[in-house]
Amino acid sequence: MQKTAIARPGRTTDAGPMASLSGLLREWLPRQRWFAGKDRPVTDLALLSMTELFPGCLHLLVHAGHSAVPSPGGAPPAGDCYQLLLGVRQHPSPRLGRALIGRAEEGPLAGMTVFDALQDPRSAQLLLERLRHPGAAGPLRFEGDPAVPVPAGLVPRLLDAEQSNSSLVYGDAFILKLFRRIQPGVNPDLELSGALAGQGCRRVPAPVAWFRTTSPWEATLGVLQPFLRNASDGWTLALSALASGDEFTAEARQLGRATAEVHLALASAFPSRAHGENSRMAAAMTERLELAAHFVPALQPHVPGLRTAFGALAGCDPGPPDQRIHGDLHLGQVLRAGREWFVIDFEGEPSRPLAERRGVHSPVRDIAGMLRSFDYAARQRRPWRPEWARRCREAYCAGYASLAGWDPRKKHGLLRAYETDRAVYEVLYEARHRPDWLPVPMAAIERLAVRGA
Ligand SMILES: Nc1ncnc2c1ncn2[C@@H]1O[C@H](COP(=O)(O)OP(=O)(O)O)[C@@H](O)[C@H]1O
Ligand SMILES: O=P(O)(O)O[C@H]1O[C@H](CO)[C@@H](O[C@H]2O[C@H](CO)[C@@H](O)[C@H](O)[C@H]2O)[C@H](O)[C@H]1O
């Protein structure tokens with residue numbers, strides 16, 4: 001297999017392959033679920049690296065710029081880097097269907113058909129072949145756990161889930177997640193799942209193979225893990241319990257225990273630190289709130305009440321030690337296979353900078369994320385079921401306390417502040433990605449602002 005770097009890193013918007021791709025990608029990128037800049041126009045596209053992964057398949061890192069508009073959630077204002085796998089073919093095939101991006105009109109690829117290679121089974125198969133054989137392709141490095149052999153010829157299918165990234169399932173045996181928004185550094189999804197596996201924690205599918213780039217900087221690009229067959233995610237299970245009028249407390253309790261198990265293993269694998277001062281944390285939460293209110297005007301009337309709620313943190317007991325955490329824990333991030341819960345997607349909140357996501361935080365943040373998720377689920381049906389959510393929350397905290405050695409319910413002020421902070425994040429997330437869902441976190445904001453005042 002030939003691997004040739006066919007473009008040097010750099011801004012090549014008006015020369016080289018980017019001259020062919022720029023127009024097509026400006027149209028296509030904002031329509032992708034994983035594209036984070038939907039609320040801002042793409043003002044420029046720059047090529048950061050391009051590698052021919054195998055004949056007819058280009059691996060690209062492109063930077064989508066959004067001029068100087070400040071970005072909510074702490075992301076750098078200038079734009080984001082995305083990973084793309086593009087197929088380039090002389091003759092369009094009618095079978096490309098939804099994979100088709102378009103026909104390049106100018107530049108060196110003029111006249112060629114460009115498509116999303118992840119949606120093309122042949123390209124997806126070749127990508128697995130690449131992962132099965134550790135080595136380099138230009139700046140790309142393919143690595144893996146030699147103790148876990150990956151068989152050849154597994155049939156790929158692209159997951160059609162609402163995702164921040166893209167995942168390919170191979171023969172129902174492995175799942176490959178390709179990170180879409182790339183930041184310099186090790187992705188915590190690989191870092192934490194690898195460390196948890198090293199601790200013997202059974203709650204996480206261990207990484208089997210992965211790939212990274214060395215240019216324009218070091219970054220994780222994808223992770224292959226065992227695929228949990230016949231698993232259902234917590235969100236689907238919770239909604240189906242609600243639909244049939246069932247309780248979810250036994251599951252929530254086990255989930256609380258599983259969360260504590262993961263937290264304990266993370267605390268063993270990485271250094272912890274005494275919990276940061278509550279007043280500093282309150283200031284950071286208030287800053288995030290004010291930034292969010294700038295972008296979502298519906299938040300503005302609640303700012304004074306929520307500021308008071310955060311301010312009250314100063315008088316609360318210090319929380320448990322800060323440590324590495326999941327960072328974006330919700331019902332969609334837990335899978336139930338057989339009688340066990342598994343935790344996936346340790347990337348953290350995708351809009352936060354990687355350095356922050358790789359820092360230590362209070363475990364209360366994960367607990368708050370899951371508690372908010374019970375509320376989300378309970379609000380999917382009318383009349384909404386606050387009592388159902390309350391019982392789940394109670395059971396989840398009890399399950400957590402049964403293993404962790406401390407009870408989240410006894411950290412009431414801290415828990416409420418983290419829940420509020422999470423609801424603020426959700427308001428921003430929904431405003432950007434699913435405006436129809438905005439009333440769900442807004443209802444929590446209204447409740448928390450009134451109680452906090
Ligand atoms: N190991 C796994 N086994 C089975 N399904 C998985 C596994 N990992 C992920 N999935 C499925 O893929 C979906 C997306 O995975 P996730 O890691 O959450 O991606 P993203 O970061 O893009 O949201 C999950 O909701 C789940 O349904
Ligand atoms: O894509 P990710 O799973 O990394 O997480 C992002 O998307 C989630 C939605 O898909 C979003 O979660 C919010 O909606 C869920 C219901 O769809 C709910 O269970 C969560 O509690 C709620 O936060 C998540 O915030 C976002 O980071």
Side-chain angles (χ1 to χ4, degrees), residues 32-36 73 83 118 157-181 187-190 192-193 197 203-208 220 222-239 242 248 255 326-338 340-352 357 365-380 389 392-393 396 418-419 421-434 436-444:
Q32 306 314 302
R33 159 71 168 84
W34 39 262
F35 186 72
Q83 172 176 212
L118 290 192
R157 74 181 155 91
L158 186 65
L159 269 196
D160 193 17
E162 281 275 297
Q163 277 187 266
S164 306
N165 300 288
S166 297
S167 298
L168 282 160
V169 176
Y170 288 97
D172 275 358
F174 295 96
I175 180 165
L176 170 66
K177 172 147 90 172
L178 263 107
F179 300 112
R180 287 300 194 165
R181 192 144 54 126
N187 191 299
D189 205 8
L190 173 62
L192 297 193
S193 53
R203 298 284 158 210
V204 176
V208 168
T220 312
V223 187
L224 186 77
Q225 293 177 324
F227 181 71
L228 301 167
R229 272 190 216 100
N230 305 320
S232 303
D233 65 76
W235 177 252
T236 308
L237 292 172
L239 290 195
L242 274 158
F248 197 62
L255 198 47
H326 181 282
D328 188 18
L329 195 61
H330 59 81
L331 283 165
Q333 312 281 42
V334 289
L335 299 177
R336 184 135 171 119
E340 301 289 344
W341 283 112
F342 292 84
V343 183
I344 57 166
D345 194 4
F346 284 77
E347 258 202 289
E349 287 173 2
S351 64
R352 297 208 200 267
R357 292 192 260 143
R365 195 155 128 187
D366 279 350
I367 297 168
M370 190 58 82
L371 297 187
R372 287 283 315 116
S373 213
F374 293 126
D375 187 54
Y376 254 75
R379 283 186 181 271
Q380 296 304 302
C392 288
R393 294 160 60 96
Y396 178 79
Y418 273 104
E419 266 197 78
D421 191 46
R422 176 73 182 174
V424 168
Y425 164 81
E426 290 169 341
V427 165
L428 258 184
Y429 177 87
E430 302 301 0
R432 274 180 152 191
H433 294 275
R434 309 183 293 194
D436 291 355
W437 288 59
L438 199 49
V440 178
M442 278 308 295

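These numbers come from the heavy atoms of this one structure, side chains and all, not from hydrogens, waters or symmetry mates. Ligands are counted one by one from 1 in listed order, and the atoms in each one are counted from 1 as well.
Legend: residues meeting salt bridge (charged side-chain N to carboxylate O under 4.0 Å, His left out) with Glu426, ordered by chain and number and at least two apart, are Arg372, Arg422. Residues satisfying the salt bridge (charged side-chain N to carboxylate O under 4.0 Å, His left out) criterion with Asp421, sequence neighbours excluded, are Arg288.
Ligand 1 lies less than 4.0 angstrom from a heavy atom belonging to Ser164. Taking 4.0 Å as the cut-off, Arg422 counts as a neighbour of ligand 2 on heavy-atom distance. Within the 4.0 Å heavy-atom shell around ligand 2 one finds Glu426. Ligand 1 has at least one atom lying under 4.0 Å from a heavy atom of Ile344. For Ala231, the closest heavy-atom approach to ligand 1 does not fall below 4.0 Å. Distances from ligand 2 to the non-hydrogen atoms of Met370 include no value under 4.0 Å. Distances from ligand 1 to the non-hydrogen atoms of Pro226 include at least one value under 4.0 Å.
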Tell me, with the steps shown, if Asp328 and Arg352 meet salt bridge (Lys or Arg N to Asp or Glu O under 4.0 Å). CA-CA 11 Å; Asp328 188 18; Arg352 297 208 200 267; over 6 Å; no

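Of the heavy atoms in Val169, none comes closer than 4.0 Å to ligand 1. Residue contacts with ligand 1, taken as heavy atom pairs separated by less than 4.0 Å, involve Ile175 solely via side-chain atoms from C-beta onward. Residue contacts with ligand 2, taken as heavy atom pairs separated by less than 4.0 Å, involve Pro350 solely via side-chain atoms from C-beta onward. With a heavy-atom cut-off of 4.0 Å, Lys177 touches ligand 1 through its side chain alone.
Note on ring orientation: taking the six-membered ring where Trp is involved, the planes of Phe346 and His326 are tilted (angle from 30° to 60°). Classification of the Trp235-Trp437 ring pair by plane angle, with boundaries at 30° and 60°, yields tilted.
Interface of Leu159 with ligand 1, defined as ligand atoms under 4.0 Å from a residue heavy atom, comprises 11 (C), 12 (O), 13 (C). Close contacts of ligand 1 with Gln333, meaning ligand atoms under 4.0 Å from a residue heavy atom, involve 18 (O).
What sits closest to atom 22 (O) of ligand 1 on the protein, heavy atoms only, is Asn165 N, 2.8 Å.
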